[in-house]
Amino acid sequence: MSQNHVSGMETSAVSVLKRAVELDQIGRFQESLVCYQEGIQLLMDVLKAVKDESKRGHYRDKIKGYMDRAEQIKVHVNQMKEDGKYHEQIKIAEDATGYSYEALFKPYISTLLTEVWVQDPYIRHTHQLYNFLRFCEMLLKASCKVKKIHLLTSQDETDSGQQSSALAELKQSVGAQGVTLDLQYSSTIHDREIRFDNGWIIKIGRGLDYFKRPKGRFSIGYCDYDLRQCQETNVDIFHTKHTKTL
């Protein structure tokens with residue numbers, strides 16, 4: 001392995017671990033744990049490639065320190081989950097970027113995840129339907145084996161069938177991927193909530209529709225949602241041992 005490659009891995013590890021410490025300090029423990037784990041793995045890859053014994057000792061000490069902190073966080077998070085007291089809040093500022101669905105939901109997705117419930121009254125207009133499509137794509141690409149997605153939304157009586165035809169097409173499309181999409185409608189729902197059957201509950205103030213409209217079709221952020229500006233909203237994360245259907 002070339003020196004440049006090793007240097008690149010070290011730079012990546014430093015960046016990820018710096019983010020882990022920042023998240024740790026503001027109490028976003030589940031997210032920080034994921035970053036610690038990724039950063040530790042990168043440092044271990046660097047350790048395998050380095051031959052100088054003094055440098056290897058330095059990396060071993062760093063890895064041990066981060067592993068000890070990650071284990072402390074894991075114990076803390078598990079205890080809060082066990083007590084039913086886990087609550088974390090993420091504040092998305094106006095015009096903030098870096099909050100794609102992949103970035104936001106990744107810390108709460110695990111190999112145990114097989115079923116998802118989405119309650120959002122505003123999966124009706126074209127951009128909202130595309131948001132839900134992107135959310136489904138994110139689940140299909142993630143490190144889980146989702147088999148069923150439930151959507152509870154309100155019905156748009158004025159769209160001449162756009163909502164129903166779009167969701168029917170999406171249902172057929174995810175079905176071809178081995179995933180069942182269960183569609184339900186309610187005229188009285190207001191709250192927005194996403195539940196995972198691994199116990200995580202994510203409540204986004206604006207639901208899935210927290211992205212700003214791009215300035216143009218050829219503007220940065222039009223395709224990559226990590227670069228898309230957001231509207232101000234809060235994200236509250238809870239955990240329960242007993243996931244109930246919506």
Pair D95-C230, side chain to side chain contact (heavy atoms under 4.5 Å, CB included): steps then yes or no: CA-CA 5 Å; D95 294 329; C230 298; over 6 Å; no

Cluster question for you: counting only ILVMFWY and a side-chain heavy-atom cut-off of under 4.5 Å, with indirect links fine, are [X] and [Y] together?
| X | Y | answer |
| --- | --- | --- |
| M9 | M67 | yes |
| V21 | L17 | yes |
| I63 | V34 | no |
| Y59 | V14 | no |
| Y130 | V116 | yes |

Distance only, no hydrogens: is a donor on one side chain within 3.5 Å (strictly under) of an acceptor on the other, for [X] and [Y]?
| X | Y | answer |
| --- | --- | --- |
| D45 | Q41 | yes |
| E115 | H150 | yes |
| Q155 | S187 | no |
| Q30 | Y86 | no |
| D120 | T153 | no |

Face-on cation placement of R134 at Y225 ring, 6.0 Å and 45° thresholds: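 Judged by the rule, R134 and Y225 form a cation-pi pair.
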
Restricting to non-hydrogen atoms, name the atom on [X] and the atom on [Y] that form the minimum distance, rounded to 0.1 Å.
| X | Y | result |
| --- | --- | --- |
| P107 | L104 | CD-O, 3.6 Å |
| L23 | S32 | CB-CB, 3.6 Å |
| Y222 | P214 | CD1-CG, 3.5 Å |
| C144 | S110 | CB-O, 3.2 Å |
| I149 | L139 | CD1-CD1, 3.9 Å |
| T114 | D197 | OG1-OD2, 2.5 Å |

Mind checking what makes salt bridge (Lys or Arg N to Asp or Glu O under 4.0 Å) contact with [X], not counting sequence neighbours?
| X | value |
| --- | --- |
| R28 | E31 |
| R19 | E22 |
| K64 | D68 |
| R56 | E53 |

Name all residues meeting the ring pair (Phe, Tyr, Trp, His ring centres under 6.0 Å) criterion together with [X]; count only those two or more places apart in sequence or in a different chain, and write none if there are none.
| X | value |
| --- | --- |
| H76 | F29 |
| F105 | F135 |
| Y108 | W200 |

Any pair counted as side chain to side chain donor-acceptor pair (under 3.5 Å), so long as it reaches residues 169-179, sequence neighbours left out: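 Counting only pairs at least two positions apart or across chains, no side chain to side chain donor-acceptor pair (under 3.5 Å) contact touches residues 169-179.
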
Remaining members of the apolar cluster that contains L42, side-chain heavy atoms under 4.5 Å: V16

Please report the interatomic distance [atom1]([X]) to [atom2]([Y]), rounded to the nearest 0.5 Å.
| X | Y | atom1 | atom2 | value |
| --- | --- | --- | --- | --- |
| T126 | N131 | OG1 | CG | 11.0 Å |
| E10 | K55 | CD | NZ | 8.0 Å |
| S164 | Q162 | OG | CD | 9.0 Å |
| M80 | E88 | CE | CD | 8.0 Å |
| L113 | K147 | CG | NZ | 12.0 Å |
| S219 | Q229 | OG | CD | 10.0 Å |

Is it true that a side-chain atom of [X] and a backbone atom of [Y] form a donor plus acceptor pair closer than 3.5 Å?
| X | Y | value |
| --- | --- | --- |
| N78 | K74 | yes |
| S100 | D226 | no |
| D52 | S54 | yes |
| Q163 | D156 | yes |
| R228 | K212 | yes |

Derivation of the side chain to side chain contact (heavy atoms under 4.5 Å, CB included) call for V235 and I92: CA-CA 8 Å; V235 184; I92 299 178; 3.9 Å; yes

Verdict with supporting geometry, I202 and F196, side chain to side chain contact (heavy atoms under 4.5 Å, CB included): CA-CA 8 Å; I202 298 97; F196 293 162; 3.9 Å; yes

For the residue pair [X] and [Y], establish whether any side-chain heavy-atom pair is separated by less than 4.5 Å.
| X | Y | result |
| --- | --- | --- |
| L140 | V146 | no |
| I123 | L129 | yes |
| P121 | R192 | yes |
| I201 | H239 | no |
| T97 | L227 | no |

OH/Y122: more than 12 non-hydrogen atoms of other groups inside 6.0 Å: no

Exceeds 12 heavy-atom contacts within 6.0 angstrom, atom NZ of K81: yes

Under-4.0 Å salt bridge between K148 and D182: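 So K148 does not pair with D182 through a salt bridge.
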
Can I get a per-line list of side-chain donor-acceptor pairs under 3.5 Å for residues 203-211, giving both atom names and the distance, sequence neighbours left out?
{"residue": "K203", "atom": "NZ", "partner": "E193", "partner atom": "OE1", "Å": "3.4"}
{"residue": "R206", "atom": "NE", "partner": "E232", "partner atom": "O", "Å": "2.9"}
{"residue": "R206", "atom": "NH1", "partner": "Q231", "partner atom": "OE1", "Å": "3.3"}
{"residue": "D209", "atom": "OD1", "partner": "H127", "partner atom": "NE2", "Å": "3.4"}
{"residue": "D209", "atom": "OD2", "partner": "H127", "partner atom": "NE2", "Å": "3.2"}
{"residue": "D209", "atom": "OD2", "partner": "Q128", "partner atom": "NE2", "Å": "3.3"}
{"residue": "Y210", "atom": "OH", "partner": "Y99", "partner atom": "O", "Å": "2.7"}

Set of side chain to side chain contact (heavy atoms under 4.5 Å, CB included) partners for S165, sequence neighbours left out: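 Once residues adjacent in sequence are excluded, S165 has no partner under the side chain to side chain contact (heavy atoms under 4.5 Å, CB included) criterion.
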
Non-neighbouring partners of D236 that pass side chain to side chain donor-acceptor pair (under 3.5 Å), sequence neighbours left out: H87, Q89

Candidate pair L47 and R60, rule side chain to side chain contact (heavy atoms under 4.5 Å, CB included), full reasoning: CA-CA 7 Å; L47 178 62; R60 277 194 292 264; 3.8 Å; yes

